[in-house]
Each structure stands twice: as C-alpha cells, then as structure tokens.
Protein chains: 2
Amino acid sequence: MNDYISTTVSERDHPLTPEAIRLIATIDEAGSFAAAARVLGKVPSALSYSVRQLEDALDVLLFDRASRTAVLTPAGRELLVEGRRLLLEMDAVASRVKRVASGWEGQLAIAANALMCPHTLLDLVDAFYAQRDTARLPPPTRIRLRQEVLSGTWEALLSGAADLAIGVDADDTRVSGVQVEALGDIPFVFVVAPHHPLARVAEPLDPAMIRMHRAVAIADSAMKLSPVSRNLLPGQDVLTVPTLDMKIDAQLRGLGCGFLPEARVRAHIEAGRLVAKATGEDKVARFAIAWRSAGQRGRALDWWLQQLASPRTRRALLEGVPA
Amino acid sequence: MNDYISTTVSERDHPLTPEAIRLIATIDEAGSFAAAARVLGKVPSALSYSVRQLEDALDVLLFDRASRTAVLTPAGRELLVEGRRLLLEMDAVASRVKRVASGWEGQLAIAANALMCPHTLLDLVDAFYAQRDTARLPPPTRIRLRQEVLSGTWEALLSGAADLAIGVDADDTRVSGVQVEALGDIPFVFVVAPHHPLARVAEPLDPAMIRMHRAVAIADSAMKLSPVSRNLLPGQDVLTVPTLDMKIDAQLRGLGCGFLPEARVRAHIEAGRLVAKATGEDKVARFAIAWRSAGQRGRALDWWLQQLASPRTRRALLEGVPA
DNA sequence: TGTAGTCGTTCAAATAATTTGAATGATGAT
DNA sequence: ATCATCATTCAAATTATTTGAACGACTACA
C-alpha cells in the first residue's frame, strides 16, 4: 500500500494545476473547507480529497488540521502567495495566445540601419504600443529592435533574425522572396575638422590627396554576408568605429576624414565645427525597406509597413526631422 | 447538445494545466502527434482529444492540420514559448513550497561547464545522496545536472533553468542579483597530433602559420546570450564540434589544431599521441561558481556551496584529480 | 457539564473525464 | 498506383473525481 502510493506520487511531475491553486485560495478566502465547499458548490470531501492529492504530490502539509478549522501551514501560505501570482501569469499567457491567434505576431524583429534616425524609430515603437483595441489593450507583439550597419541590415532579414529591415541599400537587390519598397535618399558630404590638413586643400579634393589621410569607417555589422566597405581608397589608413555617432565624433576631433550624411552634420558645418569639402562627385545613398513576402502577414508588420509608407515618416527617418 | 458543449467549455477558467503545456512541448519536440504519442506511451487519439480540449477551452487553433503532419500555428508557437517559461515558474514555486516546509528544495538544477571534470561532478552528486537524516533518508531534492559550453553556463543561470552554475567565466561578470565565487584556473596548451604539419614547425608558432591550419572549436551552447568565440584567428578555417571530448578526439586525429585544457590532455601528450606547441602566450581561463542571491537558500544549495568551497574539490573539478 | 452546531474525514457508490483499440480517410514518398 | 504513416472518429474500457451518508472531534453557549 505504501509502495503503491509512493509510486503514484513520484510520477506526478506537475501537481500545481490552476484548479489546485484556486482551491487553496478559495479555502483561504472562505475561511474553512466547509465554507469553501459551499462557495464552489461541492461537498467538503471533494476538497479534502483534492487537497490531499496536492499535499501528497508535493510531499508537504499545506494545512494544519489540529484544530477544528484547518489552518494554512507556512508552506501552504507560501503556495497561496506564489500560486496567486502563477494564476495571473497563466491568465496573461492565455490572453497572449488568443491575441496572437487573432492576427498579432508574438514578436517582431526589426533591423534598422544605423543611419536611420533613432529618435524617429523610437517614436514609431511608442506609437505602436499606444494602439488600443476594443478591450483597451496594447498590441501583444514584442518588438525587438536592433541596429545594423551596411550589409548587416540585409543579413538580419535574410538570416531570419529580423522580420523587417529598415534602411537596406536600395541598389543592393539581393534575393527573391523578399518585398522591397523604396524609402528615400540620404545625401552624403565629405567633411573634416577645421584643424585637419585637408581643410586647407583646394577643392575639388584629389583622390591621391585623400588617400594620404586616415579614413574613419563604421564596422559592417554583417556576420556572414561579405562585408561592405564604402568610399575607402586602396591602401588608405582606416580608423574603424562601431557606430555612426562615434564616426561623427572622431571626425569632429580630426582623427580622420570621410563621408557623412548631410542631415546629420548640417548643424556642425553651420557652426564651423566641420568643414565640407567638394570631391568632384555627389554621394547619395538610396535606401529601402524590405520584408519577407512568404507566409501570411501579421497585424504588427502590417502596421509598420503602413507607417513607413508615409512620406513624413520617411523623411523623419532619413533626415531626423520630426514627423 | 451544442449548448451542453458550450457550457462546459466556458466554465473551464484555467485550461493551461502543466500537463497540457507539456503535451504541446512534447508534440513539438517529437515532430508529430504520432511520434509524441510513442514518446509518452499513449495512443494518438489521446493526444488528439487533449489538444482539442485545450483548443476549445482557449478558442484558439494551436495546430494547423491541413497537411499530413500537424504544424503549430503562430498562436501555438506562442503558447509553446510562454508555456515553457510557465513550467519553469511552476517548478520554482513547488520547490519554494517544499523548502519552506522542510528546508530542502524540490529540485536543484546545476549547469556545469563542459570543462569541469564530469567524474568529480558525479562524485559530488553521489555524496549528496549519500547523506542520511535522522530517519536514514537521503535528501529529497532532485538534482538536475546539465552541461553547458562557454556562455551557455551563464545563460542557464540567468534564464532560471539552473539554480547553480559551476564553471562560469570569471572574467565575464554579467549581472546583479547573482553571487559569484572564484573556483580557480585551467591552463590551456596548444596541441596538435604528431602527424599534423604544425608538429614539425619551430616554436614558438607564428599566428600567421597557425591561421593556415584548421582550428577545432566547441560550439557555444548559449541560445540567447551573444555567442563567444575563443582563440580563433581572423579568417581561420574552423571545424565546430559539440563537446570537449570530440574536440580532443578531432585533434588526436589531426583534423585540426587548438587549445585544450592541459590536465585533460596530459596523458595524451606524455604518450606521444599529442604534441604541445608553444605559441608565445600562456592561455589560462579563470572560472567561478554563481548562484542567484534572491530569496532564502535551501539546504541542497547550501550543501553544494559548502562542497565547492573546498580547495580539494575545486582542484578535482578543474583538473580531474581525485578529491 | 451537557448539548447543539459545525468542522473535516472516511468510505463506497455514482458520475465524469481520460485513455484505449480498432477502423478510417487523407497525405506524402516512392 | 501502392504503401506507410499521419490524425481523427467512435464506443468501450479504465481512471479520476465527486457525491452522499455516517462519523469522530472541536468549539461555543447555556
């Protein structure tokens, strides 16, 4: 008999069912087994049975039965407190699942080119979560925003790490199975600090002259696709930094030269902290958004694509001008 | 009849029982209802019935049955991910309840770095269960021992999958809420098979020379934390293997070169099966143990921390020398 | 102290839920 | 086209839970 009970109990891996937790909570709230039975419309022996099942499975006494009315043990009290929290978690999970079933994605991974205005991106995330449905709930989709550089933006999409890429190179059409939509252009200017030697060289700057000075480059964030190097001359010394902001800062300090998005350095140029130098060619980069066309689209991706279709939003992303 | 069904379903407030979640996870892992039934030792119709019960209760389709093998819907996938997390929470609550009752945890999950001596770990488990209380019973805590590689050891602790991490990188201090205690160092040696080309190259080996030969690396077991790559030179060909033993074996076969714990290959070197080569730098990795500091500690974790404080035990873990 | 009311448990019968075994239609590979 | 394997249907078999009745124990009150 004892062996039989032991075997049955040890095979019950997960005794903490929602019903079991609810039962403990109801007994506590009603004040006794008998009162709880009345509340639940059951007979007291049903509660006795269920509590015993749970106690045996946990190998823990949850109620002290020395007095007439059963009293929660410290362990029982712990289960009550923690169990209530679990019930809330379960409700939340069930709610999430239902909402995902209704069209929302569980998560949406967005890879944004580092040249896109970060402020605008966060505005979009804010607006996304500001949405309210009929139940006054925000979208359940967890947004995972990541920043990429150069071909890292494409790679994130192709590798499946991202569901939406904002700021892929529009001239770098790579693969089928992907939808692409033009976003706009970013004009670049070649700039140096006022105290940099090239600041005093006659324009347009000769490539041979540029080559004699260190360039500042942002490290491509791509891990697998071939790294892309832009506007670097063969044999040129390069200072590599991880972010666009650091590239701007390095050039402000005169550590090197290179092209930067005009909109991002306009204020520095007007304030005389940077000097624009003509190189005899206009540098303009064309950007697009891209997403995988296979499968059904969720409501979250739909929402983002709709926002990104707005010319004002596009300009804000490209130029940092408030939308 | 239809009213009857509807009434029954709508009264099922908490369909997310642990068994239901486990069932979804098992079906996903096994790849199909039929395979999962085989794993669980049940008939397929039992699974069909249970999944239907859950789907009806949630009013959500969890599987797409359009093809021969049922495929998780996005909502089903969401339930799988969130449900797994809930199971961990339930385990944690049950463990805490047991600890409040008796002082012993319900279970103790230990993530051990693959470089820790497996024999010593099992000696410790043996010693743990050899304990006897006044009733001559062993500790009731179920030990769950898992092996991790590189940042996977940290991740197991941070994700809640492990209560104790043995062999985290001591130089990789990651987060608060975690207690860390130094364990010791493991010296590495660069070795190749006697018939490997590098065996005859003059020492110390030049990095450029090393780069021309395939390296053998262990795949990081971390899923979420950034993967860690150690001692690989840029552009080097890499053979990736899942375990340390396979790395040793691959290098014994001359499939590649790389660093290995000195203590683990000492016998191979002395027997001439591997040749140690100086590279001009000493490779030493520093390890620690880590556990979450929140909440009250149970007797099982206390016991393990006490054992791991012993210098003899530490040396045995790090070097495979009997404690 | 005695009495009444109410508590939680035991136990076997009744009821409900889950599992099984067999048959079936459908998919996917060859 | 054939075969293997998938998931489902359905009713019987099995298991789990609930019920109703009886009982011992406690608590409050006269």
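Every chain is numbered from 1 and lettered A, B, ... according to where its sequence line falls, protein lines coming before strand lines.
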**Q** Can you tell me the distance, in whole Å, between the CG atom of L40(A) and the P atom of dT18(D)?
**A**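 Taking atom P of dT18(D) as the reference, CG of L40(A) is at 10 Å.
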
**Q** Any donor-acceptor pair under 3.5 Å joining the side chain of T69(A) to the base of dG8(C)?
**A** no

**Q** Please report, rounded to the nearest Å, how far the P atom of dA25(D) is from the CG atom of D64(A).
**A**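 These atoms are roughly 17 Å apart.
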
**Q** Nearest whole Å is fine: how far is dA17(C) P from E19(A) CD?
**A** 12 Å

**Q** Of the nucleotides dC7(C), dT18(D), dT9(C), which has the atom closest to the R52(A) side chain?
**A**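 Between dC7(C), dT18(D), dT9(C), the one nearest the side chain of R52(A) would be dT9(C).
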
**Q** Which part of the nucleic acid, if any, lies within contact of A70(A), taking any heavy atom under 4.0 Å across all strands shown: a base, the sugar-phosphate backbone alone, or nothing?
**A**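 If one applies the 4.0 Å heavy-atom cut-off, A70(A) turns out to touch the sugar-phosphate alone, with no base involved.
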
**Q** Can you check the I27(A) CD1 to dC7(C) P distance for me, whole Å?
**A**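 I27(A) atom CD1 is separated from dC7(C) atom P by 13 Å.
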
**Q** Under 4.0 Å between a Lys/Arg side-chain N and an Asp/Glu carboxylate O for R99(A) and E82(B)?
**A**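 Between E82(B) and R99(A) there is no salt bridge, as every charged N stays at least 4.0 Å from the carboxylate O atoms.
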
**Q** So for the helix from dT1(C)-dA30(D) to dT30(C)-dA1(D), with five pairs setting each end axis, what is the inter-axis angle to 10°?
**A** 40°

**Q** For Q53(B) and dT18(C), is the shortest distance between a side-chain N/O and OP1 or OP2 below 4.0 Å?
**A**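 Yes, within the criterion.
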
**Q** Whole angstrom is fine here: how far is it from CZ in F63(A) over to P in dT9(C)?
**A**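 So the CZ-P distance, F63(A) to dT9(C), works out to 10 Å.
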
**Q** Rounded off to whole Å, could you give me the OH-to-P distance for the Y49(B) and dA12(D) pair?
**A**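 It works out to 17 Å between those atoms.
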
**Q** Could you give the CG-to-P distance, from L72(B) to dA7(D), as a whole number of Å?
**A** 12 Å

**Q** Taking the side chain of S32(A) as its heavy atoms from C-beta onward, which of dG21(C), dC7(C), dA7(D) lies nearest to it?
**A** dC7(C)

**Q** Could you pull out the closest heavy-atom pair between A300(A) and T141(A), with the gap in Å?
**A** CB-OG1, 3.7 Å

**Q** Regarding A46(A), tell me which of base, sugar-phosphate or nothing describes its non-hydrogen contacts under 4.0 Å with the strands shown.
**A**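 Contact class for A46(A): base.
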
**Q** Kindly compute the distance separating CG (L79(A)) from CG (L16(A)), expressed to the nearest 0.5 Å.
**A** 6.0 Å

**Q** 5'-most contact on DNA chain D: G41(A) or S67(A), nearest heavy atom basis?
**A** G41(A)

**Q** On a plain distance test, is the side chain of S45(A) in donor-acceptor contact with the base of dG8(C) below 3.5 Å?
**A**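 A donor-acceptor contact between them is absent.
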
**Q** Classify the angle between the aromatic ring planes of F63(B) and F33(B) as parallel (below 30°), tilted (30 to 60°) or perpendicular (above 60°).
**A**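 Plane angle over 60°, so perpendicular.
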
**Q** Within less than 4.0 Å of OP1 or OP2 of dA7(D), is there a side-chain N or O belonging to R68(B)?
**A** no

**Q** In whole angstroms, how far is the C1' atom of dT9(C) from the CZ atom of F33(A)?
**A** 10 Å

**Q** Are any of the side-chain nitrogens in R84(B) or E29(B) under 4.0 Å away from the carboxylate oxygens of its partner?
**A**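 Looking at E29(B) together with R84(B), the answer is yes, because their closest N to O distance falls below 4.0 Å.
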
**Q** When you check the phosphate oxygens OP1 and OP2 of dC7(C), does a side-chain N or O of R38(A) lie under 4.0 Å from one of them?
**A** yes

**Q** Thinking salt bridges, do E78(B) and R96(A) make one under a 4.0 Å N-O criterion?
**A** yes

**Q** Can you measure from CE (M90(A)) to CZ (R85(A)) and round to the nearest 0.5 angstrom?
**A** 10.5 Å

**Q** Between atom OG of S102(B) and atom CG of L61(A), what is the distance when rounded to the nearest 0.5 Å?
**A**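 Here the rounded value is 11.5 Å.
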
